[in-house]
Every structure is written in C-alpha cells, then in structure tokens.
Amino acid sequence: MNHGIATRRGLLLAGALTLPALQRAEAQSQGQWQGQRSSGRSAQAAMTVRANAGTVGVISGGVDGTYIRIAADLAAVLDDGDRLRVLPIVGRGSVQNISDLMFVRGIDVAIVQSDALAFVRGRRLYPGAEQVIQYITKLYDEEVHVLARQEITRVQDLAGKRVNVDVAGSGTAMTASLIFEALGVAVETANDPQDVALDKLRRGEIAALVYVAGKPARLFSSIPADSGLRFLPLPMTPALIETYLPARLGAEQYPGLVPPDAPVDTLAVGAVMAVYAWPPGTERYRKVATFVEALSSRFENFLRPPRHPKWREVNLEAQVPGWARFSPSQEPAENRGQR
C-alpha cells in the first residue's frame, strides 16, 4: 500500500515538474505559429498591393462585338508583368459602360461610341458625366448594320414592325433610337442579346435587328447566301450628317450577305477609349497614365496580325468633338514617376 502511495506521489511530482516545461513549449509553438501567420499575412498583403498597382480594367462590349476583341488586343500587346496588366471585361454597351466607368470599382477605361457622352448629357442620365469622363483616343469608325428579312427592302418598311436594338443601355440601342427618330420611322423595339435576336430573325419572329459594330462583325460572318436575310441601306440625311459618317458594307466583309457588285450604303459612328478623370498624383491617375504611355510606345504592334484590322484605322492624335482629352503629359513634374 505504502509503495503504491509513493508511486502515485512520484508521478504527481513528475507531472508537476513537467507541466511548466510543456506549457512553455506550447507557448513557444503558439508564438511561432502566430509569427508565421503574421508573416504570411504581410507577404500576402504585399503581393496584393503589387498585383493591383499595375492592373487596369478595360470594359468593352459583348462577346460577338469588336470592342471585346480590341480589349483582348490591348491585353495581349500591353501586358508586361507587374508594371502593367490589362484586364478585358465584357460590357453591356456604351451607355452602361459610362455608368460603370463612373461608379464601379476596378473599371479604369471604357470603350464607347462617340455619341454616347452627348446622349448621356442630353438626357441627364448621370449628372456631372461631362466633367469626369474624358477620352484617351479615338479608335475607329463603327458601322451601323441593319439586318432584315429578305422581303424588306427599305428602312421605312420597318415602321410599326418589331426590331431588335440590343440590350437596354447598349450603344446600339442608343444609336438606333437616334437614327429611327431622325428618319421618322417608328418601330416596336426589342432588347434581346444579339445572338438571340439573330435566331429570332431567322425564325421570322422579328423583322430586323440593328447592330453597331466595326466591320467585319463576327455575328454575321457565317451567315450563308441562302439565309433569306439582307442588309438594309441607311440614307444620309441632313439631320444625320451632323453626328454620323457615310460608310459601306461590302462583299469582302460579308460574302454571304452582300453581292460583289452591290455594296450597301450605311452610317458609321466613332469608337472612343474613355477614361475617368482622376486627379493628377493619385494612384488611379498614375495607372491610367502608364497605360496611355504603353499604348503610344507600342502602337506599331497593333498594326500587325493577328490584331484586329480596325487598328489600322486608328489615329492616336485624332480629336473627338464634344470630349476633353486625358493628357497625362500635363501632370506636374513632381508627381510623375511616383508609385
């Protein structure tokens, strides 16, 4: 009995002596774990700052349009690692892109139609837009495509008929409303995405669709000659010539829709690379300034395949009436080069 008691006392004493050592070891291990966790957080935070410092979000257009291909070209040519990374973003059209540029985080540049700012200003959609939205450069002219059933030969024949004008807030919807209004043609509008609208047009559920996109637009590239569809000519009127340019759709772009000897007259509107007017010296301003510098210095790379042929129409010095230009060269010298 006494031997058992002595044994238990020995074990208790040993445990009492060992416990502080275990507690010290546990505390040391906990401290090391917390230190590693803190170090990991610091490293992660540093990597996050580095990743975002050179990232520029470019909101463009739908998957079948020219804007998204232009944005993809920007990423392919301008990305150079940590200093500049371009993120192409699918957008919902010019009017929505201006809204996103003004209000959505992570949107630094937007590709929009040149008539979008006047449209937004005239309808007072986003107060102050004309003060905070500027342009980097005019890109190219976009053609207005009006694709209709074969039995419709003139745009006036669409009066009272159902015509798809792309999703609400899109540049196409905006331009279509302005053109139909100027021509005095009252149509019943639908707002389906363009691929859905093309299927409805083939089935005869709508009379026509309108699509503003730089030719050749991928949406129409695979339409065969026996599709029962045709492009409608758009006349240039005194009311339209103030805003739009004359253009043509030819067989070289759309062999299934346009005969070789009968190009279709239409209208064109400029595409603009827009930017939010961040104050000089801010981080967002410096990111966009880096983007503009890279665009200028590497512009020759956009003129060669496999880049979109519309790049060959771009003049970086072209003026856009009614817009103010974003000019990073005007930033005070003490602010340039800071990161």
Side-chain angles (χ1 to χ4, degrees), residues 60-73 90 92-93 113 140-167 170-173 175-176 179-180 183 185 187-235 245-269 271 305-313:
S60 54
V63 295
D64 288 310
T66 309
Y67 286 1
I68 190 64
R69 296 177 64 189
I70 293 297
D73 283 348
V90 174
R92 296 187 61 189
Q113 292 171 202
Y140 49 81
D141 292 325
E142 296 183 285
E143 290 74 25
V144 182
H145 302 73
V146 183
L147 188 68
R149 304 284 300 174
Q150 191 68 39
E151 62 270 17
I152 298 174
T153 60
R154 305 181 310 151
V155 68
Q156 288 79 9
D157 296 338
L158 296 175
K161 293 183 170 60
R162 191 166 181 80
V163 177
N164 194 80
V165 296
D166 208 346
V167 297
S170 68
T172 292
T175 298
I179 290 176
F180 284 133
L183 295 177
V185 178
V187 302
E188 179 187 350
T189 59
N191 295 107
D192 289 315
Q194 295 290 8
D195 55 345
V196 175
L198 182 56
D199 287 338
K200 288 187 175 182
L201 183 61
R202 285 170 167 149
R203 295 194 299 266
E205 296 176 20
I206 58 176
L209 67 82
V210 181
Y211 192 18
V212 179
K215 64 181 181 183
R218 189 172 64 176
L219 183 70
F220 309 122
S221 61
S222 60
I223 297 178
D226 60 352
S227 64
L229 305 176
R230 64 188 300 168
F231 285 128
L232 297 183
L234 286 175
L245 300 169
R248 281 188 168 181
L249 307 176
E252 60 273 24
Q253 296 96 28
Y254 306 110
L257 291 168
V258 181
D261 57 347
V264 178
D265 291 329
T266 188
L267 308 175
V269 60
R307 307 303 157 215
H308 196 283
K310 277 292 185 180
W311 281 108
R312 302 186 190 108
E313 299 178 20

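Note: hydrogens, waters and symmetry copies are ignored here, and every other heavy atom, side chains too, is used.
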* Structure fact -> For Leu249 and Val144, the nearest pair of non-hydrogen atoms, with its separation, is CD1-O, 4.5 Å
* Asked: Taking all non-hydrogen atoms of both residues, which atom of Ser60 and which atom of Ile68 are closest, and how far apart?
  -> OG-CD1, 3.1 Å
* Please name the pair of heavy atoms, one in Ala213 and one in Glu142, separated by the smallest distance, quoted to 0.1 Å. => CA-OE2, 3.8 Å
* **Side-chain heavy-atom pair Leu158, Leu232 within 4.5 angstrom cut-off** => yes
* **Main-chain N/O of Val210 paired with Gln194 side-chain donor or acceptor, under 3.5 Å** => yes
* Asked: Minimum heavy-atom separation for Asp192 to Ala197, with atom names?
  -> CB-N, 4.3 Å
* Are Phe180 and Thr189 close enough that some pair of their side-chain heavy atoms sits under 4.5 Å apart? -> no
* Parallel, tilted or perpendicular for Tyr254 and His145, by the 30°/60° rule? -> perpendicular
* To do: Check Val165 against Ala176 and note the closest heavy-atom contact, atom names and distance.
  => CG1-CB, 3.6 Å
* Crowded around Arg230 CZ? As in, over 12 foreign heavy atoms under 6.0 Å? -> yes
* To do: Taking all non-hydrogen atoms of both residues into account, name the closest pair between Ala262 and Val258 and its distance.
  => O-CG1, 3.4 Å
* Is there side-chain contact between Ser170 and Val212, with heavy atoms separated by less than 4.5 Å? -> no
* **Donor-acceptor under 3.5 Å (Asp157 side chain, Arg154 main chain)** => yes
* Examine the side chains of Gln113 and Thr175 and answer whether a donor and an acceptor come within less than 3.5 Å of each other. => yes
* Asked: Do the side chain of Tyr211 and the main chain of Gly65 share a donor and acceptor less than 3.5 angstrom apart?
  -> yes
* Does Lys310 offer a backbone N or O that forms a donor-acceptor pair with the side chain of Glu313 under 3.5 Å? -> no
* Sorted by first residue and then second, give each salt bridge (charged side-chain N to carboxylate O under 4.0 Å, His left out) pair with at least one member in residues 203-228; sequence neighbours left out. => Asp64-Arg218, Arg203-Glu205
* Asked: Yes or no on side-chain contact (heavy atoms from CB on, under 4.5 Å) for Phe231 and Thr266, after CA distance, side-chain angles and deciding distance?
  -> CA-CA 9 Å; Phe231 285 128; Thr266 188; over 6 Å; no
* To do: Using the side-chain contact (heavy atoms from CB on, under 4.5 Å) rule, take Leu198 and Leu147 through it: C-alpha gap first, then chi angles, then the decisive distance, then the call.
  => CA-CA 9 Å; Leu198 182 56; Leu147 188 68; 3.8 Å; yes
* Report yes or no: does Asp265 contribute a side-chain atom to a donor-acceptor pair with the main-chain N or O of Arg248 at less than 3.5 Å? => no
* Asked: Under 4.5 Å between any side-chain heavy atoms of Leu229 and Arg149, yes or no?
  -> yes
* Give the C-alpha distance, both sets of side-chain angles, the deciding distance and a yes or no for side-chain contact (heavy atoms from CB on, under 4.5 Å) between Leu234 and Val155. => CA-CA 7 Å; Leu234 286 175; Val155 68; 4.0 Å; yes
* To do: Report the distance from atom CG of Leu209 to atom CG of Leu201, rounding to the nearest 0.5 Å.
  => 5.5 Å
* From Asp141 atom CG to Leu267 atom CG, the distance as rounded to the nearest 0.5 Å -> 11.5 Å
